[in-house]
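What follows is one structure encoded as structure tokens, with my remarks underneath.
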Amino acid sequence: MSQDELQTFCLLEVERLLQSNGKSLRNYAGMPVPNNSLVSQFSNLMLLRELQYDTVSLSREHDADLLKLNEEQRVVYDKIIDCVSNKKDGFFFVYGFGGTGKTFLYRVLSARLRSEKKIVINVASSGIASLLLPGGKTAHSMFNIPVDLTEDTVCRIKNDSPKAEVFRLADLIIWDEAPMTNKLAFEALDRTLRDIMVSVSDRNKDLPFGGKVVVLGGDFR
Ligand SMILES: Nc1ncnc2c1ncn2[C@@H]1O[C@H](COP(=O)(O)OP(=O)(O)OP(=O)(O)O)[C@@H](O)[C@H]1O
């Protein structure tokens, strides 16, 4: 977190305490007030968490693990990083038997992007696999996917919600164990992200997953 962000965060905490007692920082001459352009970020706790990673240790972890990637992992890594860094949309299937190094690759990708203050959404179809992903959650919980799915289902995420804001800003979505999930769940997420991303650019409504870079991983055989 930068000094500016840290100051805004502290001032917001003080402002919250004061407001609960009917006062505000503005009542005290000479007191700084939170930087308005940063306030909306801090009212979104999910976003705050995504931006709070220790960039220095992640960068160190990334640099060490990058050297360990085998040839195949490196090809996939380069393609995905190229898409994210150059703001291109991209949709990838990363497949391989269990133990072939998919999770290792996701960790290196996440460390690289988070060390650059980019947002990576890591999910897996099962709770157990989600625990292996850094900052991972189950797909159903992260994307609010309804249990009963039809051809028209959308995820229960309002366009103006904090979660939608995080997805709007997300640079990469990794979904592990994808073959375990009903295809209707991916279609629901696809519709939802197109809807959320249309406020960024109208062309996103015609792009898979609203133009997000998405990686679906697992053993597809
Ligand atoms: N390039 C690498 N260098 C060093 N260790 C690696 C590398 N790739 C994978 N590993 C190690 O190999 C083991 C298996 O890799 P990993 O868990 O990433 O496979 P996986 O394809 O995700 O398996 P599963 O689908 O069963 O979750 C792990 O201990 C991981 O740390």
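Whatever order the structure lists ligands and atoms in, that order sets their numbers, starting from 1.
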Could you check whether any side-chain N or O of Lys163 sits under 3.5 Å from a backbone N or O of Ile157, counting only pairs where one atom can act as donor and the other as acceptor?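 Checked: no pair found.
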Donor-acceptor contact present, side-chain Gln73 to main-chain Asn70, <3.5 Å: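 Such a contact is found between Gln73 side chain and Asn70 backbone.
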For ligand 1, which atoms have a heavy atom of Lys68 less than 4.0 angstrom away?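 Every atom of ligand 1 under 4.0 Å from some heavy atom of Lys68: 1 (N), 2 (C), 3 (N).
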Give the numbers and elements of all ligand 1 atoms closer than 4.0 Å to a heavy atom of Gly98.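 Near Gly98, meaning under 4.0 Å from one of its heavy atoms, ligand 1 has 23 (O), 24 (P), 25 (O), 26 (O).
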Can you list the steps and then say if Glu71 with Arg74 is a salt bridge (charged side-chain N to carboxylate O under 4.0 Å, His left out)? CA-CA 5 Å; Glu71 217 171 294; Arg74 183 65 200 239; over 6 Å; no
Group every Ile, Leu, Val, Met, Phe, Trp and Tyr by side-chain heavy-atom contacts under 4.5 Å, then state whether Leu105 and Val213 land in the same group.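 Yes; tracing contacts between hydrophobic side chains, which count when under 4.5 Å, links both residues.
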What's the verdict on ring-ring contact (aromatic ring centres under 6.0 Å, His included) for Trp175 and Phe92, showing C-alpha distance, side-chain angles and the deciding distance? CA-CA 10 Å; Trp175 187 331; Phe92 299 88; over 10 Å; no
Only heavy atoms count here, so choose which of Asn70, Asp219, Thr103 is nearest to atom 17 (O) of ligand 1.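 Nearest option to atom 17 (O) of ligand 1, by heavy atoms: Thr103.
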Give the residue and atom name of whichever protein heavy atom lies nearest to [atom], and the separation in Å to one decimal.
{"atom": "atom 30 (C) of ligand 1", "answer": "Phe104 CD1, 4.0 Å"}
{"atom": "atom 8 (N) of ligand 1", "answer": "Gln73 NE2, 3.1 Å"}
{"atom": "atom 13 (C) of ligand 1", "answer": "Gly99 O, 4.8 Å"}
{"atom": "atom 21 (O) of ligand 1", "answer": "Lys102 NZ, 2.8 Å"}
{"atom": "atom 19 (O) of ligand 1", "answer": "Gly101 N, 3.0 Å"}

Can you find a non-hydrogen atom of Gly96 under 4.0 Å from ligand 1?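 For ligand 1, residue contact (heavy atoms, under 4.0 Å) with Gly96 is absent.
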Check Leu69 against ligand 1 and report side chain, backbone, both or neither, counting heavy atoms closer than 4.0 Å.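 Leu69 to ligand 1: backbone contact only, side chain stays beyond 4.0 Å.
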Does the side chain of Asn122 come under 3.5 Å of the side chain of Lys137 through a donor N or O and an acceptor N or O?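 The criterion, which ignores hydrogens and geometry beyond distance, is not satisfied for Lys137 and Asn122.
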Is it the case that the side chains of Ser125 and Thr181 hold a donor-acceptor pair, with the cut-off being a distance below 3.5 Å and no angle test?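 Checked: Thr181/Ser125 side chains pair up, N/O donor to acceptor below 3.5 Å.
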Protein heavy atoms near atom 1 (N) of ligand 1, is at least one of them under 4.0 angstrom away?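 Yes.
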Answer yes or no for atom 6 (C) of ligand 1: protein heavy atom present at a distance under 4.0 Å?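 Yes; the ligand atom in question has protein heavy-atom contact below 4.0 Å.
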Where do Lys102 and Asp176 land on the salt bridge (charged side-chain N to carboxylate O under 4.0 Å, His left out) test, with the steps shown first? CA-CA 9 Å; Lys102 299 180 295 295; Asp176 194 23; 5.9 Å; no
